Colleague: 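Take a look at this one; I'll ask things after.
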Amino acid sequence: MAIVKMKRLRMVGMVSDREELLRRLQHMGCVEIIQPEADADDPLWACLTRPEAGGLAAAHEEKTQAERALEVLKRYAPSKGSFLAPKPGVGERDFLDEERAKGAREAAEQVNALDRRLAAIRAEENKLEAQKAVLLPWMNLDLPLETGSTPQVTIQLGTLPANIPMGQAEREVQAASELAELTEVSSDRDTRYCMLVCHTSQAEGVLEGLKALGWSRANLRDWTGSAAENLERLGRETKALQEEAASIEKKLTGMGELNAPLRQLSDLAGVDASREEARGRLMDTGQTFLLEGWVPEENWPELERALGSYPCACEVSDPAPEDYSQVPVKLKNSALTRPLNMVTEMYSLPAYGTLDPNPLMAPFFILFYGIMMADMGYGLLMMLAGAVILKKKKPGGTFGHLCGLLVLCGITTFIMGALTGGFFGDFLTQVVKLTTGGEFALPALFTPLEDTMMILVGAMCLGFVQIITGMAISFVSKLKNGQVMDAVFEEVTWWVVFAGLGLAIVGITPIVLVVGLVMVVAGPVIQNQGFGKVTGIFGSLYNHVTGYFGDILSYSRLMALMLAGSVIAQVFNTLGAIPGNIVIFLIISFAGNTLNFALNLLGCYVHDLRLQCLEYFGKFYQDGGRPFRPLNLNTKYYEVVK
């Protein structure tokens, strides 16, 4: 239960062995490869070059193609799976098998080609529909659209606004020339589609009159044959495209079995990409390469044996204290404290060389969550949900930590619910009353509504215990780092003050409090210089008094959330019981408790997190750690069995 010790690894190997070595390191999953720090004063660095990065682009492209094919199959042939189903396992040999990968690449290309053809068909259909929309108003025109004017007769197709009466347009044409005729072919809400026939000598005057009314010539010069003939042809082409699209969609619907190899291909491409990224951090000389990285101390013996079969030179060293900021952090916890990684990672990992906060935080976080939730029914739901997901799905990472934390917090929630007599509020009391008319109440050591002050005092006492614990951790850390005076005048001083206050309140003796106040004054006087002695005294008093008082008062939220959750549950149960019908009661109670449960799940987590990160961590925690990210077989869809 600590921060894993790291070793800095430097290795020089043969370029001919580079790919095999990288694959071996990826298989072992215990080395984080980093960028070597260049030494500008060393002329040998000028001879080093970066490996070519073409493989990285190819791996990313392959992953993109696989994911694109999976998205296509998700629309037409989605794979059936359960939320609780764990990631399927695949042997490492099968996972890395090139023949299987080749088949999956061909499948991805086939699926993507069909999808591209579907996209082309859709674009062509849209184009045909646009052409139909242009021709449809001229469908009743029994005249080839390519019909043009002659030296004696001008023929022109065009449109007029629908708000221009046809009679007005005809009169305008007749007024311009008796050798002209305007015929309406069709009309819609916005436009009139017309054909103008007139003697060529009169065309200019007639068109000027029509343009004054909003005449616009139709652009149909690229068409041959009548509009009806062209619409019939476009209909045949559209039908053929639809049949082809239906055939492709049917084919895609039958490709559900390709989901598995495509997912494996996506994972394999991701693994290849991570290896290529690591490869890009190496330095080459043409014949040899330089690798630098970090390896956990506990993994070094196994790694050393694995590298012994290669002609390479390795060196490991402990990081110097001044380099701790560059060292990655890996936490090693027990099953009880591991779920708290979720909380730590959400805040910030501890700096290398400091304390792992998980074992120090776990008892408080889990207990405080149970105090705030405090309901047997909610606790049972939390334990059941977390345990079922862990057993069935076997999740890893943050989601796995969340489920583990749900189980642990569910246990304390159930215990605190048993102490307060809460089971979905007063659900059982109302059920008994509605069904038998009798009285029933679960036994309780105390209740939030009746013992509010006691719960408030208890919550602040628990907060005081956590703050004292944080101070004790800080005290030990300072002593280990040789900061004896800081430990004495920071933690010991205020322990004496707290003890003195307690003794003075119970009337035993005020001497301890006086000693504590003397130490409060002596600390800034001894540690500061000049005028800083005076300002240090007032600053120390103000910061510590207000700080500790505010921190302890913050723990009143334990009582507040316990009270709020209990009251809300009882309110919904009471509302459901008003009609006197058990069915209506169950419906309203279920809806209300579901809402209350969901709100409390999030609310208790947020407030518990605040108590840990601000009130507790502020006493001893040093954050800023960088997570350890080794070269590994990280996958999304499959669990690689090594």
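Owing to the predicted nature of the structure, the values given are computational and were not obtained by experimental measurement. One-based numbering along the sequence shown.
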Colleague: Distance only, no hydrogens: is a donor on one side chain within 3.5 Å (strictly under) of an acceptor on the other, for Lys619 and Ser474?
Modeller: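 No, no side-chain donor-acceptor pair sits under 3.5 Å.
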Colleague: Give me the ring orientation class for Tyr621 and Tyr347: parallel if the planes are under 30° apart, tilted from 30 to 60°, perpendicular past 60°.
Modeller: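 Correct class here is tilted.
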Colleague: I'd like to know if the side chain of Arg338 and the backbone of Asn333 have a donor-acceptor N/O pair within less than 3.5 Å.
Modeller: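 Confirmed, Arg338 side chain pairs with Asn333 backbone.
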Colleague: Is a donor on one side and an acceptor on the other found under 3.5 Å between the side chain of Ser266 and the backbone of Leu262?
Modeller: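 Not at all, since once roles are kept as given, no pair shorter than 3.5 Å links the two residues.
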Colleague: A side-chain contact here means heavy atoms from C-beta on lying under 4.5 Å apart; do Val271 and Gln26 qualify?
Modeller: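 The answer is yes, as the side chains (C-beta and beyond) meet within the 4.5 Å cut-off.
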Colleague: Measure across Ser589 and Asn573 and return the closest heavy-atom pair with its distance rounded to 0.1 Å.
Modeller: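 Answer, listing the atom of Ser589 first, then Asn573: OG-OD1, 2.7 Å.
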Colleague: Looking at Glu298 and Lys332, is any side-chain nitrogen of the basic one under 4.0 Å from a carboxylate oxygen of the acidic one?
Modeller: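 Counted as a salt bridge, because a side-chain N and a carboxylate O are separated by less than 4.0 Å.
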Colleague: Between Glu450 and Phe446, is a side-chain contact (heavy atoms from CB on, under 4.5 Å) present by the stated rule, with each step listed?
Modeller: CA-CA 8 Å; Glu450 297 177 1; Phe446 56 90; over 6 Å; no
Colleague: Do side-chain atoms of Gln264 reach the backbone of Asp94 as a donor and acceptor pair under 3.5 angstrom?
Modeller: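 Yes, because the side chain of Gln264 sits within donor-acceptor range (under 3.5 Å) of the backbone of Asp94.
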Colleague: Side chains of Ser325 and Arg626: is there a donor and an acceptor less than 3.5 Å apart?
Modeller: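 No.
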Colleague: According to the ring pair (Phe, Tyr, Trp, His ring centres under 6.0 Å) rule, which pairs have a member within residues 370-416, sequence neighbours left out?
Modeller: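 Pairs touching residues 370-416 that pass the test: Tyr378-Phe424, Tyr378-Phe597.
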Colleague: Give the minimum heavy-atom separation between Met460 and Ser556, together with the two atoms involved.
Modeller: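 Shortest heavy-atom contact: CG-N, 4.5 Å.
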Colleague: Take Glu71 and Arg68, measure what salt bridge (Lys or Arg N to Asp or Glu O under 4.0 Å) needs, and give me the verdict at the end.
Modeller: CA-CA 5 Å; Glu71 283 297 319; Arg68 185 177 300 165; over 6 Å; no
Colleague: If you look at every heavy atom in Leu265 and Ala108, which pair is closest and at what distance?
Modeller: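 For Leu265 and Ala108, the tightest heavy-atom pair comes out as CD2-CB, 4.3 Å.
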Colleague: Would Trp495 and Met471 count as a side-chain contact (heavy atoms from CB on, under 4.5 Å) if you check the C-alpha gap in whole Å, the side-chain angles of each, and the deciding distance to 0.1 Å?
Modeller: CA-CA 9 Å; Trp495 286 340; Met471 294 173 68; 3.6 Å; yes
Colleague: Return yes when atom NZ of Lys642 has more than 12 non-hydrogen atoms of other residues, nucleotides or ligands closer than 6.0 Å, and no otherwise.
Modeller: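 More than 12 heavy atoms, drawn from other residues, nucleotides or ligands, come within 6.0 Å of this atom.
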Colleague: Less than 4.5 Å apart, any side-chain heavy atom of Gln466 and any of Tyr555?
Modeller: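 Yes - at least one pair of side-chain heavy atoms lies under 4.5 Å apart.
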Colleague: Measure the CG-CG distance between Leu70 and Leu258 for me, rounded to the nearest 0.5 Å.
Modeller: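 So the CG of Leu70 and the CG of Leu258 are separated by 9.5 Å.
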Colleague: Going through the distances and angles, do Ile33 and Val31 end up as a side-chain contact (heavy atoms from CB on, under 4.5 Å)?
Modeller: CA-CA 6 Å; Ile33 299 176; Val31 177; 4.2 Å; yes
Colleague: How long is the span from the CE atom in Met454 to the SG atom in Cys461, to the nearest 0.5 Å?
Modeller: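 These two atoms lie 11.0 Å from each other.
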Colleague: Do the non-hydrogen side-chain atoms of Leu390 and Leu406 ever get within less than 4.5 Å of each other?
Modeller: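 Answer no - side chains too far apart.
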Colleague: Report yes or no: does Arg263 contribute a side-chain atom to a donor-acceptor pair with the main-chain N or O of Ala260 at less than 3.5 Å?
Modeller: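 Not confirmed, Arg263 side chain does not pair with Ala260 backbone.
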Colleague: Keeping the roles fixed (side chain from Asn581, backbone from Val583), state whether a donor-acceptor pair exists under 3.5 Å.
Modeller: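 Yes; at least one donor-acceptor contact below 3.5 Å.
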Colleague: Can you find a heavy atom in the side chain of Gln570 that is under 4.5 Å from one in the side chain of Leu449?
Modeller: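 Yes - at least one pair of side-chain heavy atoms lies under 4.5 Å apart.
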Colleague: Are the side chains of Leu349 and Leu331 in contact, using a 4.5 Å heavy-atom criterion?
Modeller: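 A side-chain contact under 4.5 Å exists here.
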Colleague: Would you mind checking if Glu297 and Lys7 are paired as a salt bridge, meaning a charged N to carboxylate O distance below 4.0 Å?
Modeller: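 Here Lys7 pairs with Glu297 in a salt bridge, since their nearest N and O are under 4.0 Å apart.
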Colleague: How many angstroms lie between CG in Asn593 and CD1 in Ile588, if you round to the nearest 0.5 Å?
Modeller: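 Here the interatomic distance stands at 12.0 Å.
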Colleague: Specify the closest pair of heavy atoms between Pro319 and Tyr324, including all atoms of both residues, with the distance to one decimal.
Modeller: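 Taking Pro319 first and Tyr324 second, the nearest heavy atoms are O-CE1, 3.5 Å.
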Colleague: I would like to know whether Leu405 and Leu340 meet side-chain contact (heavy atoms from CB on, under 4.5 Å); could you show each step before the answer?
Modeller: CA-CA 7 Å; Leu405 193 60; Leu340 273 298; 3.8 Å; yes
Colleague: Are the side chains of Met382 and Val407 in contact, using a 4.5 Å heavy-atom criterion?
Modeller: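 With C-beta onward as the side chain, the pair stays apart.
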Colleague: Go through the side-chain N and O atoms of Tyr352 and Gln326 and say whether any donor and acceptor fall under 3.5 Å apart.
Modeller: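 Not at all, the side chains of Tyr352 and Gln326 share no donor-acceptor pair under 3.5 Å.
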Colleague: Under 6.0 Å from the NZ atom of Lys478, do we count more than 12 heavy atoms belonging to anything else shown?
Modeller: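 Check passes, neighbour count above 12.
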Colleague: Once rounded to the nearest 0.5 Å, what's the spacing between atom CD of Gln622 and atom OG1 of Thr354?
Modeller: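 OG1 of Thr354 is found 5.5 Å from CD of Gln622.
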Colleague: Give a yes or no on whether a salt bridge exists between Glu292 and Arg8, defined as a side-chain N under 4.0 angstrom from a carboxylate O.
Modeller: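 A salt bridge links Glu292 with Arg8.
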Colleague: Please examine the side chains of Pro395 and Ile389, heavy atoms only from C-beta on, and report whether any two atoms are closer than 4.5 Å.
Modeller: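 Yes - at least one pair of side-chain heavy atoms lies under 4.5 Å apart.
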Colleague: Can you tell me if Asp272 uses its side chain to pair, donor with acceptor, with the backbone of Ala59 under 3.5 Å?
Modeller: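 Side chain of Asp272 to backbone of Ala59, a donor-acceptor pair under 3.5 Å: no, none is there.
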Colleague: Regarding Thr429 and Glu439, is there a side-chain donor-to-acceptor distance under 3.5 Å anywhere?
Modeller: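 Distance-only check fails for Thr429 and Glu439.
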Colleague: Checking Asn596 side chain against Ile568 main chain: does a donor-acceptor pair fall under 3.5 Å?
Modeller: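 Not confirmed, Asn596 side chain does not pair with Ile568 backbone.
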Colleague: Search all heavy atoms of Lys330 against all heavy atoms of Asn299 and return the closest pair with its distance.
Modeller: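 So the minimum-distance heavy-atom pair works out to NZ-OD1, 4.3 Å.
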Colleague: Would you say the side chain of Ser79 lies within less than 4.5 Å of the side chain of Lys74, judging by non-hydrogen atoms?
Modeller: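 The answer is no; the side chains never approach within 4.5 Å.
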Colleague: Determine whether Glu639 and Lys394 satisfy the following criterion, salt bridge (Lys or Arg N to Asp or Glu O under 4.0 Å), listing intermediate values before the conclusion.
Modeller: CA-CA 11 Å; Glu639 189 71 34; Lys394 297 179 175 60; over 6 Å; no
Colleague: Tyr616 pairs by side-chain contact (heavy atoms from CB on, under 4.5 Å) with which of Thr469, Ile467, Leu611?
Modeller: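 With Tyr616 as partner, side-chain contact (heavy atoms from CB on, under 4.5 Å) holds for just one option, Thr469.
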Colleague: Which pair of heavy atoms, one from Phe628 and one from Cys30, lies closest together, and at what distance?
Modeller: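 Answer, listing the atom of Phe628 first, then Cys30: CZ-O, 3.5 Å.
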Colleague: Other residues, nucleotides and ligands only: do more than 12 of their heavy atoms fall within 6.0 Å of NZ on Lys393?
Modeller: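 Result for NZ/Lys393: enclosed.
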Colleague: Is the backbone N or O of Cys409 less than 3.5 Å from a side-chain atom of Thr412, with the two atoms forming a donor-acceptor pair by type?
Modeller: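 Answer holds: yes.
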Colleague: Can you measure from OG1 (Thr413) to CE (Met562) and round to the nearest 0.5 angstrom?
Modeller: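 The CE atom of Met562 is 10.0 Å from OG1 of Thr413, to the nearest 0.5 Å.
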Colleague: Answer yes when Arg305 and Glu302 have at least one side-chain N-carboxylate O distance shorter than 4.0 Å, and no when they do not.
Modeller: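 Looking at Glu302 together with Arg305, the answer is no, because their closest N to O distance does not fall below 4.0 Å.
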Colleague: Any sub-3.5 Å donor-acceptor pair from Asp375's side-chain atoms to Gly425's backbone N or O?
Modeller: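 The answer is yes, because a donor-acceptor pair under 3.5 Å joins these two groups.
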Colleague: To the closest 0.5 Å, what do you measure between CG (Leu631) and CZ (Arg629)?
Modeller: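 Leu631 CG to Arg629 CZ: 13.5 Å, rounded to 0.5 Å.
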Colleague: Using the side chain to side chain donor-acceptor pair (under 3.5 Å) rule, take Asp426 and Gln430 through it: C-alpha gap first, then chi angles, then the decisive distance, then the call.
Modeller: CA-CA 6 Å; Asp426 59 346; Gln430 297 292 352; 3.3 Å; yes
Colleague: Checking the side chain of Asn259 only, and the main-chain atoms of Ala77 only, is there a donor and an acceptor separated by less than 3.5 Å?
Modeller: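 Yes, Asn259 side chain to Ala77 backbone: donor-acceptor pair under 3.5 Å.
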